[in-house]
J.: 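Here it is, the structure, as structure tokens.
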Amino acid sequence: MAVVNRIADFAPQMAEWRQHLHTIPELGRACHKTAAFVAERLREFGVDEIHEGFAETGIVAIINGQGAGPTIGLRADMDGLPMTEMTGLPYASAHEGRMHACGHDGHTTMLLGAAKYLAETRNFAGRVALIFQPDEEATGGAEAMVQEGIMDTFDIAQVYGIHNVPGFDEGTFHARPGPLLAAADTFHIHLTGRGGHGAQPQDAVDPVVCAASITQALQTIVSRNIEAGQQLVISVTQIHTGTIDNVIPETAYLNGTVRTFTPEMRTLAERRMREIVAGQAASFGLTATVDFVLGYPPTVNHADSVEIAARAARDVSGEAAVDVDSPANMGAEDFAYMLEARPGAYFFMGIGEGPSLHHPKYNFNDATSPVGASFFVRLVETAQPVKGA
């Protein structure tokens, strides 16, 4: 892999940054220690501007290049997950019940590495906006930062991000133009019947049987309401009802997720879900409510931006290591809000074999930090070359 030589020189320092960040995972928008560490490094690097406090702890830092030109945005997420780490690493989480199980410590480190190099060399036109974002895992820090005006305030013309993927070969890059990741919506279904004795079900209106029937019937939306080849996932992930073996409960609650790639499919899924729940509840003699909560929209890459980023990835990892015809993934990502606001692209980067994302034994591969940093650097230099260089 053609990692930038200067970045390779400070790769051990990047590993130290990443492992320190791994010890201090923070949740949601409360990434105070992480943001303070990032800001301290950025000041050391000599970036031109540091703007703090977006989405509570988000940072936008500016590096000026050579001469006039547009501003390119590079984004890294900073937050961890509310789970207990089981890696046994010497730098394991020092915060009980919190863990960097999605590699955001690695994402932050890769962008810091790129910032250090870009601040030293400034071999690009225009400006770079370094976006360090909290709250990807919870309520959408990207949406908050966009709503707080970062795209307009810093005149960001295009924006890019990357996410690590265990199980993909180390240093490979994967993307596609168009929808890459799905919209992630949530549903809450409340059923109300009439409780009674388990030995006299004829005197009760049983929500348990109705909940089971609804769970099965919702799967007919995928199998019977959309054309083969279209993509939709509906998963019931929680059913809560009852307290003891001899009591038919009064109520039941169902919860789950809906994943789609288009507004039309999103609308169809919600409509059919409401129709099915209403029909099933009526057939069992219960009342029902459905709360369908729209979450992150689809992450949709812009075709021109994918090609720009792919050229940079090929410079770093070689032609064979870059796939821009990857299948879409039913996962979700709040970088979608930034891509709704500006052209850009989101890429996956392989980190080799290891436990999956969100696994209690997951750990980011430090050997790939210089690859990601080099990708960001080459992306900036490719997208915004110095005139006459």
J.: Please report the closest heavy-atom contact between C102 and H107, naming both atoms and the distance.
T.: O-CE1, 4.1 Å
J.: Decide yes or no on side chain to side chain contact (heavy atoms under 4.5 Å, CB included) for L180 and F348, but give the supporting numbers first.
T.: CA-CA 10 Å; L180 177 70; F348 297 125; 3.8 Å; yes
J.: Using a 4.5 Å cut-off on heavy atoms from C-beta on, say whether the side chain of W17 contacts that of T108.
T.: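 No - every pair of side-chain heavy atoms lies 4.5 Å or more apart.
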J.: Supply the atom-to-atom distance I156 CD1 to T71 OG1, rounded to the nearest 0.5 angstrom.
T.: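 Going from CD1 on I156 over to OG1 on T71, the span is 7.0 Å.
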J.: Quick one: pull up NZ in K33 and CD1 in I24 and give me the separation to the nearest 0.5 Å.
T.: 6.5 Å
J.: Is the shortest side-chain N to carboxylate O distance from E120 to K116 below 4.0 Å?
T.: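 Salt bridge between E120 and K116, a charged N being under 4.0 Å from a carboxylate O: yes.
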J.: Determine the minimum heavy-atom distance between G171 and S317, stating which atoms define it.
T.: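 Distance-wise, the nearest heavy atoms are O-OG, 2.6 Å.
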J.: Output, in order, the C-alpha distance, side-chain angles, deciding distance and verdict of side chain to side chain contact (heavy atoms under 4.5 Å, CB included) for F292 and V258.
T.: CA-CA 9 Å; F292 195 94; V258 176; 3.9 Å; yes
J.: Should we say atom CG of D291 is surrounded by more than 12 heavy atoms from elsewhere, each under 6.0 Å from it?
T.: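 Yes, the 6.0 Å shell around CG holds more than 12 heavy atoms from other groups.
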J.: Check step by step if side chain to side chain contact (heavy atoms under 4.5 Å, CB included) holds for M14 and I7.
T.: CA-CA 9 Å; M14 292 177 69; I7 293 176; 4.1 Å; yes
J.: Just by distance, no angles: are the side chains of Y91 and D105 close enough, under 3.5 Å, to form a donor-acceptor pair?
T.: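 Absent: no donor and acceptor within the cut-off.
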J.: Is it the case that H22 and E85 place a side-chain donor and acceptor less than 3.5 Å from each other?
T.: yes
J.: If you round to the nearest 0.5 Å, how far is CD1 of I234 from CG of L232?
T.: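 Spacing of CG (L232) from CD1 (I234) equals 4.5 Å.
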J.: Is the closest basic N to carboxylate O distance between E381 and R311 below 4.0 Å?
T.: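 Salt bridge between E381 and R311, a charged N being under 4.0 Å from a carboxylate O: no.
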J.: So which heavy atom on D135 is nearest to which on T139, and how close?
T.: OD2-OG1, 2.5 Å
J.: With H174, which of Y346, F168, F347 fulfils ring pair (Phe, Tyr, Trp, His ring centres under 6.0 Å)?
T.: F168
J.: May I ask you to decide whether R43 forms a salt bridge with E52, counting only side-chain N to carboxylate O separations under 4.0 Å?
T.: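 Salt bridge: yes.
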J.: Assign the ring pair Y337 / Y296 to parallel, tilted or perpendicular, where the plane angle (0 to 90°) is split at 30° and 60°.
T.: perpendicular
J.: Quick check on E96: does its CD atom have over 12 non-hydrogen neighbours (other residues, nucleotides or ligands) under 6.0 Å away?
T.: no
J.: Which pair of non-hydrogen atoms, one from F335 and one from A345, has the smallest distance, and what is that distance?
T.: CE2-O, 3.7 Å
J.: For T57 and P134, which heavy atoms make the closest approach, and how far apart are they?
T.: OG1-CB, 3.4 Å
J.: Verify side chain to side chain contact (heavy atoms under 4.5 Å, CB included) between T192 and T289, making sure each step is shown before the conclusion.
T.: CA-CA 9 Å; T192 302; T289 62; over 6 Å; no
J.: Should the pair D155-R342 be classified as a salt bridge under the 4.0 Å nitrogen-to-oxygen rule?
T.: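 Here D155 does not pair with R342 in a salt bridge, since their nearest N and O are not under 4.0 Å apart.
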J.: Using only atom types and a distance under 3.5 Å, with no angle test, would you say the side chain of Q158 pairs donor to acceptor with the backbone of P343?
T.: no
J.: Are side-chain N/O atoms of T34 and E26 paired as donor and acceptor at under 3.5 Å?
T.: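 Looking only at side-chain atoms, E26 and T34 do form a donor-acceptor pair, the distance falling under 3.5 Å.
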J.: Flag this pair as yes if the NZ/CZ of R41 is under 6.0 angstrom from the six-membered ring centre of F37 and inside a 45 degree cone about the axis; otherwise no.
T.: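 Flagged: R41 positioned over aromatic ring of F37.
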J.: Is it the case that atom CG in D304 sees more than 12 heavy atoms from other parts of the structure closer than 6.0 Å?
T.: no
J.: Does one side chain, of D334 or Q133, offer a donor that lies under 3.5 Å from an acceptor on the other?
T.: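 Yes - a donor-acceptor pair under 3.5 Å links their side chains.
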J.: Taking S374 for the side chain and V3 for the main chain, is one N or O donor matched with an acceptor at less than 3.5 Å?
T.: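 Checking the backbone N and O of V3 against the side chain of S374, no donor-acceptor pair under 3.5 Å is found.
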J.: Quick one, F132 and L42 - any side-chain contact, counting heavy atoms below 4.5 Å?
T.: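 Of all side-chain heavy-atom pairs linking L42 with F132, at least one is under 4.5 Å.
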J.: Under 4.5 Å between any side-chain heavy atoms of L81 and Y362, yes or no?
T.: no
J.: For D325, does the CG atom sit with more than 12 other heavy atoms under 6.0 Å from it, leaving out its own atoms?
T.: no
J.: Measure across A101 and M83 and return the closest heavy-atom pair with its distance rounded to 0.1 Å.
T.: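 That closest heavy-atom pairing would be CB-SD, 3.6 Å.
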J.: For Q216, does the CD atom have more than 12 heavy-atom neighbours from other residues, nucleotides or ligands under 6.0 Å away?
T.: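 Open: at most 12 neighbouring heavy atoms sit under 6.0 Å from CD of Q216.
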J.: Ignoring hydrogens and angles, state whether a donor on the side chain of R18 or N365 is under 3.5 Å from an acceptor on the partner side chain.
T.: no
J.: When you compare the side chain of D206 with that of L286, does any pair of heavy atoms fall below 4.5 Å?
T.: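 Sidechains of D206 and L286: no contact.
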J.: Is it true that, when you exclude E227 itself, more than 12 heavy atoms of the residues, nucleotides or ligands shown sit nearer than 6.0 Å to its CD?
T.: no
J.: Determine whether a donor-acceptor pair (N or O, by modelled atom type, separation under 3.5 Å) exists between the side chain of Q384 and the backbone of P70.
T.: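 Looks like yes, one N/O pair under 3.5 Å.
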J.: Report yes if the side chains of L74 and I63 come closer than 4.5 Å at any heavy-atom pair, otherwise no.
T.: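 No, their side chains stay 4.5 Å or more apart.
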J.: What's the spacing between L254 CG and H188 NE2 if we round to 0.5 Å?
T.: 11.5 Å
J.: If only side-chain N and O atoms count, and only distance matters, is there a donor-acceptor pair under 3.5 Å linking E333 with T299?
T.: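 The criterion, which ignores hydrogens and geometry beyond distance, is not satisfied for E333 and T299.
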J.: Any heavy-atom pair between the side chains of R127 and D48 that's under 4.5 Å?
T.: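 Sidechains of R127 and D48: no contact.
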J.: Is any side-chain heavy atom of V208 closer than 4.5 Å to a side-chain heavy atom of I248?
T.: no
J.: Given side chains that start at C-beta, do those of P360 and T84 come closer than 4.5 Å, heavy atoms only?
T.: no
J.: Between D79 and E136, is there a donor-acceptor pair closer than 3.5 Å when you use the side chain of the first and the backbone of the second?
T.: yes
